[in-house]
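This report refers to the structure that appears directly beneath it.
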Amino acid sequence: MNLFVNLMNHTSKKVIFDEEIIDMVEKETMVYFKGDKSLDETVEIIQQQVTAYVKERH
């Protein structure tokens, strides 16, 4: 148990997120929640946008 507590006390977590991707997801989910697009359409659009964005950056 002490090993676990020691590990937890000395472990750091680095969280990186991309505001552009968050904005894409937020925009498309708002349209979905308004009822203007289906879940499948929304997921497909988000996947396409994020894939294109990641390809452009790498």
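Model, not experiment: these values are computed from the prediction.
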For E44, look at atom CD and say whether over 12 heavy atoms of other residues, nucleotides or ligands are found less than 6.0 Å away. no
So, do N6 and H10 sit near enough that their side-chain heavy atoms are less than 4.5 Å apart? yes
To the nearest 0.5 Å, atom CD of E28 lies from atom CG of D36 at 10.5 Å
Restricting to side-chain contact (heavy atoms from CB on, under 4.5 Å), what partner residues turn up for E41, sequence neighbours left out? K37, S38
Can you sort out the partners of F33 under side-chain contact (heavy atoms from CB on, under 4.5 Å), two or more places apart, ordered by chain and number? T29
Hydrophobic cluster (4.5 angstrom, side-chain heavy atoms) - remaining members for I21: M24, V25, I46, V50, Y53, V54
So, using side chain to side chain donor-acceptor pair (under 3.5 Å) as the criterion, who are the partners of Y32 when residues are at least two apart? none
Set of salt bridge (charged side-chain N to carboxylate O under 4.0 Å, His left out) partners for D23, sequence neighbours left out: none
Tell me, which pairs form a salt bridge (Lys or Arg N to Asp or Glu O under 4.0 Å) where one or both residues lie in residues 45-58, sequence neighbours left out? D18-R57
